[in-house]
**Q** 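Quick one: the structure is below, questions incoming.
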Amino acid sequence: MDSIVVRGNGPLNGQIPIAGAKNACLTLMPATLLSDEPLTLTNAPRLSDIKTMTELLGSLGAEVTSLQDGKVLAMSSHGLNNDTAHYDIVRKMRASILVLGPMLARQGHAIVSLPGGCAIGARPVDLHLKAFEAMGAELELKDGYVHAKAPAGGLRGGTVDFDFASVGATENAVMAATLAKGTTVLNNAAREPEIVDLVECLRAMGAQIEGEGSPTITIQGVDRLGGATHRVVTDRIELGTYMLAPAICGGEVELLGGRINLLATFCEKLAAAGISVEETKDGLKVSRKNGSIHAVDVTTEPFPGFPTDLQAQMMALLCTAEGTSVLEEKIFENRFMHAPELMRMGASIDVQGGTATVTGVKKLKGAPVMATDLRASVSLILAGLAAEGETRVGRVYHLDRGYEQVVRKLSGVGAHIERVSGE
Ligand code: EPZ
């Protein structure tokens, strides 16, 4: 297993290009199952999760051809010939559950392994299943698989009241409803930019949808969907992650492709911490002159609140802020596993359930640390950028799931970072 070695260094300067959004691509790819015409995605990120989704779609009989070094995905599910998504693929990536809605809508039946939990939580899919039942589907859980069957005439429009604004459940429900007979209304729907991006793609395929980005989404079912070419939206989590690099190290870095509207709450918190964020023609310019970092309190919420996927990275910044910050993780039940690793670097963090209290220290000290999940791994790299000495982050396969070319992007702005093979 590879490790990444970071040495603390001074201010960072230059530009970092931001890739297409992993979490948009992972719902856009299953959308190809809704139509027998080609769907092409451009600005796709080059990540191991995308490879896993490619493998899963291939196992169902869909074709995904990777072009232009993986930035273009030409897909077709003309040859759909299997309705079962097997555990050995699904267990690698929870987003696999997003093939259930499209398969149910397209062919009336689907068998998908339950994704199981992961490091950050139990990750149930009850809200996904509730949505399909509201559209008339019969669901049976057997041997760890969901067996889903649409009514004889296909899914019917229905009303879904989500107890929680679940991103995945909203995406699955929207995709299933595009081919249901009649109108579907989703109440308390998630509002993430990745959902807006999915709806824009589905609309280009001929879907009739309104309200994306608001808590109520209305879908008028159509008989069939066509093909389309769609550009994947910029990855706001990669964007926020790299905005924190100059925030932690000092200097000035322009994040190409970034826009404030993708991360308004996060940008407000950075400003409160003493970081300057300026929208330019090409992206977002982030700088911290020699001022100190101020402590800020953070609570993670569904969009447009502070993203849970940036909580670990923000904690890395606050470890050396002046004062005490309180971080509340309201989305997942176990998303502070980066805290003990940061404490190995000298951070002062008290975790009580879903609340972490961070008391700023002058400087962190480099140490060997362990990545536990995708966002925790990059939080440790950010901490290492400003720590004294060397930090070695193990198990970086977590990183490869969501960040392409980390070493190249950070060394391109002056970071001392390298990838070494073996533990
Ligand atoms: C998506 O996961 C993202 N993944 C996650 O990003 C992100 O953290 C999350 O949304 C929240 O923004 C992808 O888009 C592939 P949820 P998802 O359904 O859809 C509970 C990353 O690092 N819940 O909004 O699984 C659930 O347990 C990943 O890129 C139910 O109880 O998130 C969790 O506590 C991590 N029942 C909360 O809702 C359900 O049926 C948020 O889940 C579904 C969810």
**Q** Evaluate side-chain hydrogen bond (donor to acceptor under 3.5 Å, both in side chains) for Ser3 paired with Arg419, printing each intermediate quantity in order.
**A** CA-CA 6 Å; Ser3 298; Arg419 185 172 183 133; over 6 Å; no
**Q** Would you say Thr218 and Glu210 are linked by a side-chain donor-acceptor pair, where the criterion is simply a distance under 3.5 Å?
**A** no
**Q** Tell me, please, which residues at least two apart from Arg106 pass salt bridge (charged side-chain N to carboxylate O under 4.0 Å, His left out).
**A**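 Checked Arg106 against salt bridge (charged side-chain N to carboxylate O under 4.0 Å, His left out); zero matches.
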**Q** Is the shortest heavy-atom distance from the side chain of Val232 to the side chain of Thr42 under 4.5 Å?
**A**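 A side-chain contact is absent here, since even the closest heavy-atom pair is not under 4.5 Å.
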**Q** Determine, for Lys269 against Asp297, whether the closest basic-nitrogen to carboxylate-oxygen distance falls under 4.0 angstrom.
**A**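 So Lys269 does not pair with Asp297 through a salt bridge.
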**Q** Less than 4.0 angstrom from a charged side-chain N to a carboxylate O is my criterion; do Lys363 and Glu388 meet it?
**A**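 Judged by the 4.0 Å cut-off on N to carboxylate O distance, Lys363 and Glu388 do not form a salt bridge.
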**Q** Any carboxylate oxygen within less than 4.0 angstrom of a Lys/Arg side-chain nitrogen, looking at Arg395 and Asp400?
**A**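 Looking at Arg395 and Asp400, the cut-off is not met.
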**Q** Do NZ/NE/NH1/NH2 and the carboxylate oxygens of Glu279 and Arg259 come within less than 4.0 Å?
**A**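 The answer is yes: the pair qualifies as a salt bridge.
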**Q** Any salt bridge linking Lys22 with Asp235? Criterion: basic side-chain nitrogen under 4.0 Å from a carboxylate oxygen.
**A** no
**Q** Got a donor-acceptor contact below 3.5 angstrom from the Glu194 side chain to the Val196 backbone?
**A**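 No, because the side chain of Glu194 does not come within donor-acceptor range (under 3.5 Å) of the backbone of Val196.
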**Q** Are Tyr397 and Ser48 linked by a side-chain donor-acceptor pair shorter than 3.5 Å?
**A**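 Per modelled atom types, Tyr397 and Ser48 side chains form no pair under 3.5 Å.
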**Q** Between Phe306 and Phe266, what is the ring plane arrangement, given parallel below 30°, perpendicular above 60°, and tilted in between?
**A** tilted
**Q** Taking NZ, NE, NH1 and NH2 as the nitrogens, is one of them in Glu55 or Lys92 under 4.0 Å from a carboxylate oxygen of the other?
**A** yes
**Q** Strictly distance-based, threshold 3.5 Å: is any side-chain N or O of Asp309 a donor or acceptor partner for the main-chain N or O of Ile237?
**A**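 Absent.
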**Q** Is it true that Arg288 and Glu252 have a side-chain N and a carboxylate O under 4.0 angstrom from each other?
**A** no
